[in-house]
Amino acid sequence: MPHLTSTAAGATSTGVRTGLGVPGYAHPLVAPAQWAELARPGTPLDWVVLDVAAGPGTRPDPHCLEAAGRLRAAGVRVLGRLDLTYGARGFGDLLSDAHRHLDWYGVDGFLLDRCPTERTALPEVRRAITTLRAISDTAHIVLGHGRHPHPGYAENADQLVTFCGPWSDYRWSQAAEWTADYPPDRFCHFVHGVPRGHLDEALRIARWQGAGTIYFTDRTDRDGHVDPWETMPGYWDDIVSRVGTGVSE
């Protein structure tokens, strides 16, 4: 059965271990304090995405090198962003970006953003993943669909982003029936516009839907005009505390 997200008042933990996946903040030169905060010991991070300039950029960036190095020294997995443009990206360009991420920033894997969801696109995405694992055999691969894809994608990547969008949609969303066949550490949810007063409800939804990696923020996209992920949520300390304990109060 699909997991309905409407939860009873007073519901607490479902036993699902939850960690934070950070979609990527503004450039470290613009947001140095936020990048430094990510390296604070004890922060329950599964990974952080490094997006230098809609990808790795054209040359090594010293500020990004420093930020990535600090995170990796703290034991945090750093992922390079690769844009699949819903299947329209050329394979050679994608591979070139991956090599630059690896050579310049020593990334631990990749977020394949704007990943297609259709069954017909699966062979080409599988080819990309196979090649990425060939050039980095320990790479952690996350597919950034933003919604539920054909279930075949779950057999090829470490994690799938099966929700990316506003709180107004998330609170009434459902998990696809097939996701129940996989452990929670296979799925990620990114939700923007979550009010502080609904943070516990959002965490319960993620746990009931079986998403082991989450990122919630009170920032909004202002009707698509801004990136809601480029800065930390105003309740960062609160969400770190709640996710770190594994319990929604």
Side-chain angles (χ1 to χ4, degrees), residues 2 21-24 46-58 64 68 77-165 169 173-191 209-215 221 224 227 229:
V22 179
D46 285 341
W47 38 260
V48 174
V49 174
L50 181 68
D51 187 11
V52 181
T58 57
C64 293
R77 182 187 283 137
V78 177
L79 306 183
R81 178 180 179 270
L82 299 175
D83 189 355
L84 293 187
T85 59
Y86 304 111
R89 184 78 185 280
F91 183 78
D93 289 342
L94 187 77
L95 189 58
S96 178
D97 275 1
H99 276 294
R100 287 198 291 268
H101 271 305
L102 287 166
D103 295 343
W104 295 345
Y105 304 108
V107 297
D108 306 293
F110 304 96
L111 169 68
L112 277 60
D113 204 11
R114 298 202 291 174
C115 186
T117 60
E118 302 84 3
R119 182 177 184 176
T120 54
L122 182 54
E124 192 64 19
V125 174
R126 184 186 295 120
R127 176 191 178 205
I129 294 171
T130 300
T131 304
L132 292 174
R133 294 200 188 283
I135 64 175
S136 177
D137 59 0
T138 61
H140 186 82
I141 306 294
V142 181
L143 300 182
H145 305 284
R147 57 193 178 96
H148 289 96
H150 182 275
Y153 286 91
E155 298 299 325
N156 294 277
D158 296 293
Q159 292 185 296
L160 312 180
V161 180
T162 53
F163 186 93
C164 182
D169 291 342
S173 65
Q174 295 184 15
E177 185 173 352
W178 62 262
T179 63
D181 294 333
Y182 297 89
D185 61 10
R186 190 66 62 91
F187 303 107
C188 316
H189 290 173
F190 299 155
V191 190
Q209 288 204 17
T213 299
I214 58 99
Y215 189 82
D221 66 355
D227 180 359
W229 320 115

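Quick note: residue numbers are just sequence positions, from 1.
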*With the side chain counted from C-beta on, respond yes when I214 and V191 share a heavy-atom pair under 4.5 Å apart, and no when they do not.*
no
_Could you tell me if the side chain of L122 sits less than 4.5 Å from the side chain of N156, heavy atoms only?_
yes
_Rounded distance (nearest 0.5 Å) linking atom CG of L82 with atom CG of L95_ = 9.5 Å
*In Å, rounded to the nearest 0.5 Å, how long is the span from OG1 of T85 to CZ of R114?*
6.0 Å
*asked:* side-chain hydrogen bond (donor to acceptor under 3.5 Å, both in side chains), that's the test. Do R126 and T130 meet it? Break it down for me.
replied: CA-CA 6 Å; R126 184 186 295 120; T130 300; over 6 Å; no
_Within the supplied structure, the quantity of interest is the number of heavy atoms (other residues, nucleotides, ligands) at a distance under 6.0 Å from R133 CZ; does it exceed 12?_
yes
_Derivation of the side-chain contact (heavy atoms from CB on, under 4.5 Å) call for W178 and H150_ = CA-CA 9 Å; W178 62 262; H150 182 275; over 6 Å; no
*asked:* Ignoring hydrogens, what is the shortest heavy-atom contact between W104 and G57? Give both atom names and the distance.
replied: CZ3-O, 3.6 Å
_Rounded at 0.5 Å granularity, tell me how far CD1 in I135 sits from CG in D103._
8.5 Å
*Nearest-0.5 Å distance that lies between atom CG in L132 and atom CG in L94*: 6.0 Å
*For the residue pair T162 and P149, establish whether any side-chain heavy-atom pair is separated by less than 4.5 Å.*
yes
*About how many Å separate OH of Y182 and CD of Q159, when rounded to the nearest 0.5 Å?*
14.0 Å
*May I ask you to say whether R77 pairs ionically with D158, meaning some side-chain N is under 4.0 Å from a carboxylate O?*
no
*Does a side-chain heavy-atom distance below 4.5 Å link L112 with V142?*
no
_P116 to G87 - nearest heavy-atom pair and separation_ = CD-N, 3.8 Å
*Hey, mind stepping through L50 and L79 against side-chain contact (heavy atoms from CB on, under 4.5 Å) and telling me if it holds?*
CA-CA 6 Å; L50 181 68; L79 306 183; over 6 Å; no
*Short side-chain donor-acceptor distance under 3.5 Å, Y86 and E118*: no
*Are any side-chain N or O atoms of D113 and backbone N or O atoms of D83, one a donor and one an acceptor, separated by less than 3.5 Å?*
no
*If you measure only the distance, is there a donor-acceptor pair under 3.5 Å linking the side chains of T131 and R127?*
no
_Is a donor from one side chain sitting under 3.5 angstrom from an acceptor on the other, for S173 and Q209?_
yes
*Is there side-chain contact between H148 and Y153, with at least one heavy-atom pair below 4.5 Å?*
no
*Parallel, tilted or perpendicular: ring planes of Y105 versus H101, cut at 30 and 60 degrees*: tilted
*Any side-chain heavy-atom pair of D108 and T138 under 4.5 Å*: no
*Indicate yes or no for a side-chain donor-acceptor contact from H189 to the backbone of Y215 under 3.5 Å, with no hydrogens or angles considered.*
no
*What is the distance from atom CZ of R89 to atom SG of C115, rounded to the nearest 0.5 Å?*
13.0 Å
*Min side-chain heavy-atom separation I129-V125 under 4.5 Å*: yes
*salt bridge (Lys or Arg N to Asp or Glu O under 4.0 Å) between D169 and R147, worked out*: CA-CA 12 Å; D169 291 342; R147 57 193 178 96; over 6 Å; no
